[in-house]
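Each residue takes its place number in the sequence, starting with 1.
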Amino acid sequence: MYDVYEKHHLLKSNSSIEALAAYDDVLYVGTSKGNLAKYNINIKYEDGKMKVESSHLCCYYKNFSKKPIQQLDVIPHYNILISLSDNLVSVHDTNKTNFPLLHDLSKTKGATLFTLHLKEFTSMTGKTAIYVRMCVAVKRKLLFYYWKKGEFLELREDIVLPDVPRALAWCADSICVGFKNDYVLYQLHHEPEAGSEGNTNSPKKKDLFPVGKQPEPSITPLNDDSFIVGKDFGSVIIDTKGNVAVEHAVKWSQTPSSLANDDPYLLAVLNETVEVRSVEPALLVQTIPFAKPKLICRCKRGLTYVASSEQVWCLVWNPISKQIQLLLEEKQFQLALKLSNFSDETSEDKKNIHLIQTLYAFDLFNNKQFRESMQEFLKLGTDPYDVIRLFPNLLPQQVQDQDLSTSQTPDLELNDKHLENGLLALIEYLTEVRWKLAGTETQNIQLFQIIDTTLLKCYLQTNDALVEPLLRRNYCHLTETEYTLKKYNKFSELIILYQTKGLHSKALEYLQELADEPDSPLFGCEKTVNYLQHLGKNEMDLIFQFADWVLQKYPEEGLKIFTEDIEEVEQLPRPRVLDYLLKNHKSLVIQYLEHVIHVWKDTNGIFHNALVHQYREKIQQLSVPKATYAEQQAAQNFKTKLFKFLEESDSYGPETVLIHFPHDSMFEERCIILGKLGRHEQVLSIYLNNLGDIQRAIRYCDKVYKANVEGRDQVYFLLIKLLINPPDIYFGGSSHTTPPQPDLETALTILESNAGKIDALKVLSILPDDIQMTKIKHFLTLSLSKQLDERRRAQVLKGLVYAEHLQVHELRMFYESQSFLITEFNVCPVCKKRFTNQSAFVRYPNGDVVHYSCQEQVT
């Protein structure tokens, strides 16, 4: 305990004192006989201390009221005094002698209580004004008024109460009412609840709690956001929504009869004393003896009046600097900090605020209030390095001699629970600091390293799931972080560290080293594959170096290094990858090429040619005389793939791949390639002479003709020619033992079936001279009919073209028949200049003539 207030006796009254009101150096005293006295209090300030030297009676109005004055309040801004006497609220002028009555509030007849709410605001003219509202308790009603133009006007509709109120206070838009047994809160303006259709102008009622053992309810405004409400032998602090604002109640030695708030202190009138306490922290500060105190009235900060029935005293603060000094000695830093914020003393004294804040933050830390301590460090802007070294084993080297003039480093001996709570608070603190430093990485790179490395150590001890996201920020100190991660066996996180620091070779070596250890989280190739997939095209040499062991041990998984459908993999230089696979892992080339072509839809001829060659080589390797059944099946599978690919792909080079195909086998594949080259005669010759399959030759002709490709008008003729006059070539690998013989019957059948698709003159030139006309009668008839149709179509087209020619000629004659005259008097409508002999001009269809150079300006 220490002395906050000094007690001074002011005056003695001849009649019982019932009400007090005060402001600045003025005190109003109301008595039971209806007398009102106004005193001027002589206050001086010396050495930062307020001194009350004397009181002077300025005015004494004996007949102010016929009945006892029940309540007084003063509004100096408007020079009015509000009184409750004879159960009626009246307004008086304080500027004039005897306090003349301005007006009575007639509706308040029967009033027992009133309360004021004053709010300062800036008017439209820029002047500071006070908005005054008043609530009056009249029997079982609350009446509302506001001050405007010299009188109180009705503010809103009345509120009907369940009982007669015995205590009343107004904060913000909430009225707290105390009844005989309980408290109720009325919110005058509120947000409607979800699903509610209630009017927000109607007050929202909230039942609070019972009065308890206290004989009478007690309500005092703490500030504009909270009330002090009496309960049992203590006081509960609630906000304007009725919620408990401070966890602990203020405990008094006895039940108070009256309270006053002189922030940061609360003063309670008890039987023979006035007790002074603080809310946060909850302390009994001072006990001041009085002879039967009755009333208490705060005038301003540091000046409070206390009255008994016949005496009035004043309580005056001791100098703030003295209070702060005493509080620091008792390590009550929170209260000292509040007082320092109220100080109006010299600037030198105010410099101590930062010191007190620092002491308070360290005191909170020593008392294991880590979260509150970190909040104070944030407000102070304390160097994060100084905060981090309060914890054990978080910095690489603990500094023994700290350059902290405010405090010594606390000697922490924390058990596991306390340590975890401290680390969690430190995480919040460092995260907030880091957020504030965002965008200043280049200027604060060392600080970012300290913060992130410390966060890493905190996460490892509290929530290691956060380690990986932290490491991806890339600000952790390499050596210290590497040591810490190895200490905690965080191998996966160690790889992320190397990755973010660009130490790819080191990371990949570590992955390869641990890949063969079954108990390691990095066992196998998955981590290595994933790592290599994200390196990108600028690290091709590194990718090839470390992909080698993966492709040897895990070829299927390893190939995903080059085929995964992610951006970095798709952007790898595919020709380099193909060359690497051809040289080192040829068995995977086909799979890689199939993915590039069929999945990524790459049309580069290099890959299409390569896939054709790979299929061909596989077929040739597996198609051996003593091939096993599995080899035969594999060869057939590749043959099917090659056949389909040769037909569907348009990106390989037929000339390029053809030279690698053998002449004594793979005839069907050669046919597809030759067909792409338009060498239809060679294709048909292979079908007829090498494969002996006339039906496939016919189907090929049908396909070429329908495709409308080059040579379509010759393909059937070539087939008939080969049937009538077979060549003496292409017998390699053929099943025929004798040269092919002419097949006139088949040729005539094809001729009859496709008569309209074959040039008659060419066919007649190759048919034998002794052929019977009856055999080619149908062909000749269809051919002549086709020729006649084409001739008629040509004649019709010729007529249409000639008619179009005449129309164009007629239109030309029409335009040439028109003329217009330009003289020296004609003016260009764009530039407003005359046309000269040398002027080039343009005439528009509407008749406008402009200079050639002005035509672009015409809209």
Here the pair of heavy atoms bringing M540 nearest to P573 is SD-CD, 3.6 Å
So, does D848 use its side chain to make a donor-acceptor pair with the main chain of Y844 at under 3.5 Å? no
Between S623 (side chain only) and Q620 (backbone N and O only), is there a donor and an acceptor less than 3.5 Å apart? no
Going by an N to O cut-off under 4.0 Å, is there a salt bridge joining E557 and K560? yes
If you count every heavy atom of other residues, nucleotides or ligands that lies below 6.0 Å from F825 atom CZ, does the total exceed 12? no
When you measure from the centre of the six-membered ring of F661, is the NZ or CZ of R670 closer than 6.0 Å and no more than 45° off the axis? no
Look at the side chain of Y592 and the backbone N and O of L578, then say whether any donor-acceptor pair between them is shorter than 3.5 Å. no
Distance-minimising heavy-atom pair for I561 and L572: O-CD1, 4.0 Å
Take E568 and K537 through the salt bridge (charged side-chain N to carboxylate O under 4.0 Å, His left out) test and state the conclusion after the steps. CA-CA 7 Å; E568 291 89 346; K537 60 184 178 182; over 6 Å; no
Go through the steps to decide whether F562 and H595 satisfy the test ring-ring contact (aromatic ring centres under 6.0 Å, His included), and finish with yes or no. CA-CA 10 Å; F562 306 108; H595 187 88; over 10 Å; no
Is the closest basic N to carboxylate O distance between K676 and E655 below 4.0 Å? no
Here the gap from W549 atom CH2 to C525 atom SG, rounded to the nearest 0.5 Å, amounts to 6.0 Å
Tell me yes or no: between the side chains of T823 and N826, is some donor less than 3.5 Å from an acceptor? yes
Over 12 non-hydrogen atoms of neighbours within 6.0 angstrom of CD1 in I606: no
Can you find a heavy atom in the side chain of E570 that is under 4.5 Å from one in the side chain of E564? no
A quick test of your reading: do over 12 heavy atoms of other residues, nucleotides or ligands sit less than 6.0 Å from CD of E816? yes
With a cut-off of 6.0 Å (strictly less than), are more than 12 heavy atoms of other residues, nucleotides or ligands near CD of E526? no
side-chain contact (heavy atoms from CB on, under 4.5 Å) for Q682 and L677? Distances and angles first, verdict last. CA-CA 10 Å; Q682 292 183 29; L677 292 170; over 6 Å; no
Please step through side-chain contact (heavy atoms from CB on, under 4.5 Å) for the pair S505 and Y498, ending with a clear verdict. CA-CA 9 Å; S505 181; Y498 291 146; over 6 Å; no
Side-chain (T500) to main-chain (L497) donor-acceptor, under 3.5 angstrom: yes
Residues K527 and E493 bridged, charged N to O under 4.0 Å: no
E567 and Q571: side-chain donor and acceptor closer than 3.5 Å? yes
Sub-3.5 Å donor-acceptor pair from the side chain of K586 to the main-chain atoms of K583, do we have one? no
Residue pair L622 / A634: nearest heavy atoms and the distance that separates them: CD1-CB, 3.7 Å
Might you point out which heavy atoms bring Y700 and G675 nearest each other, and give the distance in Å? OH-CA, 3.3 Å
List the steps, then state whether salt bridge (charged side-chain N to carboxylate O under 4.0 Å, His left out) holds for D541 with R576. CA-CA 10 Å; D541 293 338; R576 285 194 64 184; 3.1 Å; yes
Mind checking whether Y580 and H585 have parallel, tilted or perpendicular rings, split at 30° and 60°? tilted
Y716 versus D702, side-chain donor and acceptor atoms under 3.5 Å: yes
Salt-bridge test for K641 and E594: reply yes if a basic N is under 4.0 Å from a carboxylate O, no otherwise. yes
To the nearest 0.5 Å, atom CD of E647 lies from atom SG of C671 at 11.0 Å
Hey, can you tell me if H608 and F645 have their rings parallel, tilted or perpendicular (30° and 60° cut-offs)? parallel
Decide yes or no for L511 and I495: does some side-chain heavy atom of the first lie under 4.5 Å from some side-chain heavy atom of the second? yes
To the closest 0.5 Å, what do you measure between CD (E745) and OG1 (T749)? 6.5 Å
Atom NZ of K618 with >12 non-hydrogen neighbours under 6.0 angstrom: no
Would you mind reporting whether D452 and R434 have side-chain heavy atoms less than 4.5 Å apart? yes
Value for CD1 (I758) from CD1 (I750), rounded to nearest 0.5 Å, stands at 8.0 Å
Identify the two heavy atoms, one from L719 and one from C701, that lie closest to each other, and give their separation to 0.1 Å. CD2-SG, 3.7 Å
If you count the non-hydrogen atoms of other residues, nucleotides and ligands that lie under 6.0 Å from CZ in R791, is the total more than 12? no
Between H851 and F835, is the ring centre distance below 6.0 Å? yes
Is there side-chain contact between E681 and K721, with at least one heavy-atom pair below 4.5 Å? yes
Is there a side-chain contact between V808 and L811, using heavy atoms and a 4.5 Å cut-off? no
Backbone N or O of L542 within a donor-acceptor pair of the Q545 side chain at under 3.5 Å? no
What is the minimum heavy-atom distance between L684 and A697, and which atoms define it? CD2-O, 3.5 Å
Ion pair present between R574 and D579, side-chain N to carboxylate O less than 4.0 angstrom? no
Side chains of Q636 and K639, heavy atoms from C-beta outward: is any pair under 4.5 Å? yes
Quick one: does I496's side chain get under 4.5 Å of R472's, heavy atoms only? yes
Working for side-chain contact (heavy atoms from CB on, under 4.5 Å), residues F546 and E509: CA-CA 8 Å; F546 287 94; E509 288 173 359; 3.7 Å; yes
Do L551 and L588 come within less than 4.5 Å of each other through their side chains, counting heavy atoms only? yes
Decide if atom CZ of F820 counts as having more than 12 heavy atoms of other residues, nucleotides or ligands within a radius under 6.0 Å. yes
Using only heavy-atom distances, determine whether the side chains of Q621 and E631 contain a donor-acceptor pair under 3.5 Å. no
Where do V850 and F841 land on the side-chain contact (heavy atoms from CB on, under 4.5 Å) test, with the steps shown first? CA-CA 6 Å; V850 301; F841 55 86; over 6 Å; no
CG on D743 to CG on N725, rounded to 0.5 Å: 12.0 Å
Quick check: does any side chain N or O of D602 sit under 3.5 Å from a backbone N or O of I597, one acting as donor and the other as acceptor? no
Measuring from I590:CD1 to L581:CG, what's the distance to the nearest 0.5 Å? 12.0 Å
State whether E669 and R616 are salt-bridged, where the test is any N-O pair (Lys NZ or Arg NE/NH1/NH2 against Asp/Glu carboxylate O) under 4.0 Å. no
